[in-house]
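It should be emphasised that the depicted structure is a prediction, and the values quoted were computed from it without experimental measurement. Numbers restart at 1 for each chain; the letters A, B, ... are given by sequence-line order, proteins then strands. Basis for what follows: all heavy atoms, side chains included, without hydrogens, waters or symmetry-related copies.
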Protein chains: 2
Amino acid sequence: MFMDIKNIMKNKNMRFTVARTELLEILIKESKPVCYEDVKHRINMDKATFYRNIAKFVDEDIVNSFESSDKKSYFEMKVDSHPHFICNYCHSIKCIDNLGSVVLEGYEVESIILKGKCTLCR
Amino acid sequence: MFMDIKNIMKNKNMRFTVARTELLEILIKESKPVCYEDVKHRINMDKATFYRNIAKFVDEDIVNSFESSDKKSYFEMKVDSHPHFICNYCHSIKCIDNLGSVVLEGYEVESIILKGKCTLCR
DNA sequence: ATCTATTGTGCGACTAAGTCGCAATTAAGT
DNA sequence: ACTTAATTGCGACTTAGTCGCACAATAGAT
């Protein structure tokens with residue numbers, strides 16, 4: 001596991017740092033997408049460092065991101081990537097896995113987001 | 001057309017105002033989702049008024065909204081609603097209409113967003 | 001093990017989308 | 001026209017996210 005994380009960075013020619021390890025550990029452990037607010041109390045790095053490292057991970061195709069109706073960005077490991085349902089009313093995010101794959105000629109689909117009214121808000 | 005707009009508001013028990021008419025005219029004319037920036041030079045109302053009216057339209061199920069990778073909110077008439085592809089690289093938005101309907105047990109899907117890399121960015 | 005170039009980090013200031021409070025204005029029924 | 005409640009403009013504010021810079025840490029070369 002620790003080795004996995006080290007390899008992720010090595011394979012991408014990224015420097016191995018404490019902040020990046022911490023971040024990847026959380027993203028891997030977490031089964032749902034997280035935003036900065038979700039993890040800020042658990043991480044030991046500045047806000048700027050969080051965002052810069054996330055941006056780097058996104059660049060390197062390690063992490064996926066999307067924007068929610070709460071106006072915040074959410075992040076998850078690309079390997080765990082699956083569709084999400086975002087409630088426009090309570091802003092909850094639900095992971096969906098029983099959705100057929102979507103193919104779009106000429107486009108490379110990285111994430112699928114469904115928005116609407118969740119079970120509780122109906 | 002002018003009558004249609006008047007009726008949209010009447011049917012929702014909303015007051016008929018110049019700002020709302022202007023906004024609905026643009027949203028109806030436009031075939032793609034627009035953000036505040038897209039229309040600010042064409043409208044004759046304050047930013048706050050724009051957002052308050054959009055919020056009202058969304059509340060009244062006249063307008064759909066979603067957030068793009070450019071961190072801005074986009075709006076379109078609910079009747080025109082169709083899936084969108086958002087490019088994570090150039091932030092372009094493409095309307096999709098050859099996508100089967102998505103049904104999700106217990107959830108009310110209001111919009112479908114696919115994100116990834118567009119034809120030009122690949 | 002130390003040295004060095006390069007990359008990453010913390011800090012504080014900044015940006016920009018969107019929101020809020022309030023006083024002035026306007027819609028629409030009486 | 002009169003009244004009341006909803007709407008508007010304005011300016012101040014909020015908040016997610018970014019940037020510049022000085023300092024610190026990494027990784028390869030010596």
Side-chain angles (χ1 to χ4, degrees), chain A residues 2 5-26 33-60 62-75 86 88-89 91 93, chain B residues 2-3 5-26 33-60 62-75 86 88 91 93:
Chain A
F2 179 81
I5 286 175
K6 199 160 191 170
N7 278 332
I8 290 172
M9 293 189 257
K10 196 150 216 165
N11 294 339
K12 298 290 183 180
N13 279 321
M14 292 173 68
R15 281 204 183 168
F16 182 74
T17 72
V18 177
R20 286 178 183 163
T21 306
E22 211 181 0
L23 241 182
L24 284 176
E25 271 173 359
I26 286 175
V34 293
C35 66
Y36 172 67
E37 262 239 291
D38 291 337
V39 300
K40 71 177 177 188
H41 302 298
R42 282 187 276 158
I43 59 178
N44 213 7
M45 75 193 73
D46 189 71
K47 189 171 53 152
T49 303
F50 172 88
Y51 283 113
R52 280 184 295 224
N53 279 328
I54 286 284
K56 184 102 189 173
F57 292 152
V58 169
D59 269 9
E60 299 289 352
I62 297 168
V63 164
N64 256 346
S65 76
F66 61 87
E67 294 72 40
S68 166
S69 48
D70 64 7
K71 309 274 147 63
K72 289 187 275 191
S73 292
Y74 285 78
F75 313 100
I86 301 175
N88 285 330
Y89 304 85
H91 308 301
I93 299 176
Chain B
F2 180 81
M3 200 47 195
I5 285 175
K6 199 160 192 169
N7 279 333
I8 290 172
M9 293 190 255
K10 196 151 217 165
N11 293 339
K12 298 290 184 179
N13 278 322
M14 292 173 69
R15 281 205 184 167
F16 182 76
T17 72
V18 177
R20 285 178 183 163
T21 305
E22 209 181 2
L23 241 182
L24 284 176
E25 271 172 359
I26 285 175
V34 293
C35 66
Y36 172 67
E37 262 240 292
D38 290 337
V39 300
K40 72 176 176 189
H41 302 298
R42 281 187 276 160
I43 60 179
N44 213 8
M45 75 193 74
D46 190 72
K47 189 172 54 150
T49 303
F50 171 89
Y51 282 113
R52 279 184 295 224
N53 279 328
I54 286 284
K56 184 104 189 171
F57 293 152
V58 170
D59 269 9
E60 299 290 350
I62 298 169
V63 165
N64 256 347
S65 76
F66 61 87
E67 295 71 40
S68 165
S69 48
D70 64 7
K71 309 275 147 62
K72 290 188 272 192
S73 292
Y74 284 77
F75 313 100
I86 301 175
N88 286 329
H91 308 301
I93 299 177

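Taking a cutoff of 4.0 Å between a charged side-chain nitrogen and a carboxylate oxygen, A:Glu67 and A:Lys72 do not qualify as a salt bridge.
Judged purely by atom type and a 3.5 angstrom limit, A:Ser68 has no side-chain atom pairing as donor or acceptor with the backbone of A:Lys71.
Nearer to the 5' terminus of DNA chain C, by closest-nucleotide assignment, is the contact made by A:Phe50 (compared with the other of A:Phe50 and B:Ser73). Comparing B:Arg15 and A:Ala48 along DNA chain C, the residue whose closest nucleotide (by nearest heavy atom) sits nearer the 5' end is A:Ala48.
Among the nucleotides D:dG17, C:dG10, C:dA27, the one closest to any side-chain atom of A:Thr49 is C:dG10. Counting only heavy atoms from C-beta on, A:Asn53 has its side chain closest to C:dT9 among D:dG17, C:dG18, C:dT9.
Using a 4.0 Å heavy-atom distance criterion, A:Met14 is classed as making no nucleic acid contact. Within the 4.0 angstrom heavy-atom criterion, no nucleotide atom of any strand lies near A:Asp70.
Counting to the nearest Å, the P atom of D:dA6 and the CG atom of B:Asn13 are 12 Å from each other. Between the CG atom of B:Asp46 and the C1' atom of C:dT25 there is a distance of 14 Å, rounded to whole Å. To the nearest angstrom, C1' of C:dT15 lies 17 Å from NZ of A:Lys71. Rounded to whole Å, the distance from CE on B:Met9 to C1' on C:dT26 is 14 Å. Residue A:Ile54 contributes atom CD1, which lies 16 Å from atom P of D:dC19 at whole-angstrom precision. Going from atom NZ of B:Lys72 over to atom P of C:dA16 covers 11 Å, rounded to whole Å. Atom pair A:Glu37:CD and D:dT15:C1' shows a separation of 10 Å (rounding to whole Å applied). Atom-to-atom, NZ of B:Lys56 to P of C:dT19 comes out at 15 Å; the value is rounded to the nearest Å.
For the pair B:Thr17 and D:dA6, the criterion of a side-chain N or O lying under 4.0 Å from OP1 or OP2 is not met. Contact check, B:Tyr51 against C:dG18: a side-chain N or O comes under 4.0 Å of OP1 or OP2.
A heavy-atom distance below 4.5 Å is found between the side chains of B:Ile93 and B:Tyr74.
Put simply, the side chain of A:Arg52 and the base of C:dG10 share a donor and an acceptor less than 3.5 Å apart. With hydrogens and angles ignored, a donor-acceptor pair closer than 3.5 Å exists between the side chain of B:Lys47 and the base of C:dG18.
Interatomic distance, B:Cys35 SG to B:Phe66 CZ, rounded to the nearest 0.5 Å: 10.0 Å.
For the residue pair B:Leu23 and B:Met45, the shortest heavy atom distance occurs at CG-CE, 4.0 Å.
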